2 protein chains.
Amino acid sequence: MARAGTTARKTRNQMEKRQAIFEAALDVFSEKGLRGTTLEQVAKAAGLSKQNVVYYFNGKDQIYAELLESLLEKWVQPLHDLNADGDPMDEILTYVSRKVQMSRNMPRESRLFATEILHGAPRLGEVLPTDLKALVDEKAAIIQDWMDAGKLAPLDPHHLIFSIWAMTQHYADFDVQVRSVLGPERSATRFEDAERFIKDMLIRTLRP
Amino acid sequence: MARAGTTARKTRNQMEKRQAIFEAALDVFSEKGLRGTTLEQVAKAAGLSKQNVVYYFNGKDQIYAELLESLLEKWVQPLHDLNADGDPMDEILTYVSRKVQMSRNMPRESRLFATEILHGAPRLGEVLPTDLKALVDEKAAIIQDWMDAGKLAPLDPHHLIFSIWAMTQHYADFDVQVRSVLGPERSATRFEDAERFIKDMLIRTLRP
DNA sequence: AAAAATGTTGACCGATCGTGCAGAAATCAT
DNA sequence: ATGATTTCTGCACGATCGGTCAACATTTTT
């Protein structure tokens, strides 16, 4: 009897299959949501049978939960890399760059988290007020220090971070709307344009 | 036999019941999403039986579709009110104010549209590239004129509008995250703080 | 008051979906 | 090769949900 459950990391085959299921699940969940997707859709996208998917995970909810957890660290990595010893404006602009890149290259992850938080984050409820809050508080303190040192214009660091999240992730989460409004031709350069715009905005705003 | 269907607007009672269902549906749909909510949840929230809800509408999808449509005009009203003859900075800051107010007072509507667009906007697919694009293009042209006249710093008007959408709606759509990160005490003033922050940012950015 | 229209409910059906389970099939260890 | 372990599938159960229909109740109209 095989238990390909939560804690057991076993053979290479298991890892590959689990990864294939993760990949398929990310595709379907980010597009249809948790309740909107069926196990068979995930299974088909992964090239497996429905029961076989259940064999590697123990159910739909577990796939979703583990998927979310496995993406969390990668998702907050850019903020984690914000370096107190770097040049303030450079650090923030680099952060914006990475966030725009993530909206461009990882829109499914962005939409997955967006949907989850939008619906009350029942599966992230513990990590938000602890881990994420701690991380944001830490980085906000760094930014506050920069402002106190006169290297940046004084603004609320928390809301600054929120605004960067909002503006950058907007281009992943609301991509349909962005493309509809911009039209086909202008949509082609939307990420470059967005990055330039957001950076311009932050430079003007944060210049002491 | 009564047909309380799409086009028929009849008695006062019908209007009231339909409105009660709309109100209940907005509650549940914005929290659980379309596929995540059952007819009985809507019915219970409206104080009616499931079959009775079907009597006034013709199904779950129709409630959702009509609800979305009925909220659309109200949702884009602030942008529609952006006045070419007003003072440029005032007009934009007023727009921000109204958008923040909507995030505070109409978070369910915000989340409803956010979820819909996030999932590809299958029920708005026609109106986005036509009506919304026309509206945004019109207002972007106005802003562009202001910039050309030297009344505002030159920036891409479309992305300026996107950034305002993103920053303001963020406080409704991701409220759970915002409150988790800010903590209980700072959460109390999150909307006032956000409005002040966004306005400061835009003043610094748009000042010629 | 009678009749007609409107409103409401109980019973139920068909479809879908998640999940469990026995056993077949394939792979691996010895 | 043979037995053990892992991988996969066929079958089917139970639950949920959207929607139907007929009957019943209420309100409105004449």
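Every chain is numbered from 1, with letters handed out A, B, ... down the list of sequences. All figures in this text were calculated on a predicted structure; none of them were measured in a lab.
Figure legend: A:Lys139 and A:Trp165 shown without cation-pi pairing, the cationic atom not lying both under 6.0 angstrom from the six-membered ring centre and within 45 degrees of its axis.
Close to D:dT6, at under 4.0 Å from its OP1 or OP2, lies no side-chain N or O of A:Gln14. For D:dT6, the OP1/OP2 oxygens have no side-chain nitrogen or oxygen of A:Tyr56 closer than 4.0 Å. Between A:Ser49 and D:dT9 there is a side-chain N or O to OP1 or OP2 distance below 4.0 Å.
The side chain of B:Asn52 sits closest to C:dT8 out of C:dT8, C:dG18, D:dT6. Nearest to the side-chain atoms of B:Lys17 among the listed nucleotides C:dT9, C:dG7, C:dT19 stands C:dG7. Comparing D:dT20, C:dG20, D:dT7 by their nearest atom to the side chain of A:Gln51 picks out C:dG20. Here the nucleotide nearest the side chain of B:Tyr55, chosen from D:dC8, D:dT20, C:dG7, is C:dG7.
Summarising the geometry, the separation between CG on B:Leu39 and P on D:dT16 is reported as 16 Å, rounded to the nearest angstrom. Distance, A:Glu40 CD to D:dC11 C1': 14 Å, rounded to whole Å. The CD-C1' distance, from A:Gln62 to C:dG18, rounds to 14 Å in whole Å. Whole-Å rounding puts the A:Leu48 CG to C:dT19 P distance at 17 Å. Residue A:Lys44 contributes atom NZ, which lies 13 Å from atom P of C:dC17 at whole-angstrom precision. Counting to the nearest Å, the P atom of D:dG18 and the OH atom of B:Tyr64 are 15 Å from each other. One can place CZ of A:Arg35 at 9 Å from P of D:dC17, the figure rounded to the nearest angstrom. The distance between atom CD1 of A:Ile63 and atom C1' of C:dG18, rounded to the nearest whole Å, is 11 Å.
We find the OG1-CG distance between A:Thr94 and A:Leu82 to be 9.0 Å, quoted to the nearest 0.5 Å. Between atom CZ of residue B:Arg204 and atom CD1 of residue A:Ile203 there is a gap of 14.5 Å, rounded to the nearest 0.5 Å.
A salt bridge does not link A:Arg196 with A:Glu192: every distance from a Lys NZ or Arg NE/NH1/NH2 to an Asp or Glu carboxylate oxygen is 4.0 Å or more.
Between A:Asp175 and the choices A:Arg108, A:Arg190, A:Arg104, the salt bridge (Lys or Arg N to Asp or Glu O under 4.0 Å) rule is met once, by A:Arg190.
Put simply, the side chain of B:Lys50 and the base of D:dG19 share a donor and an acceptor less than 3.5 Å apart.
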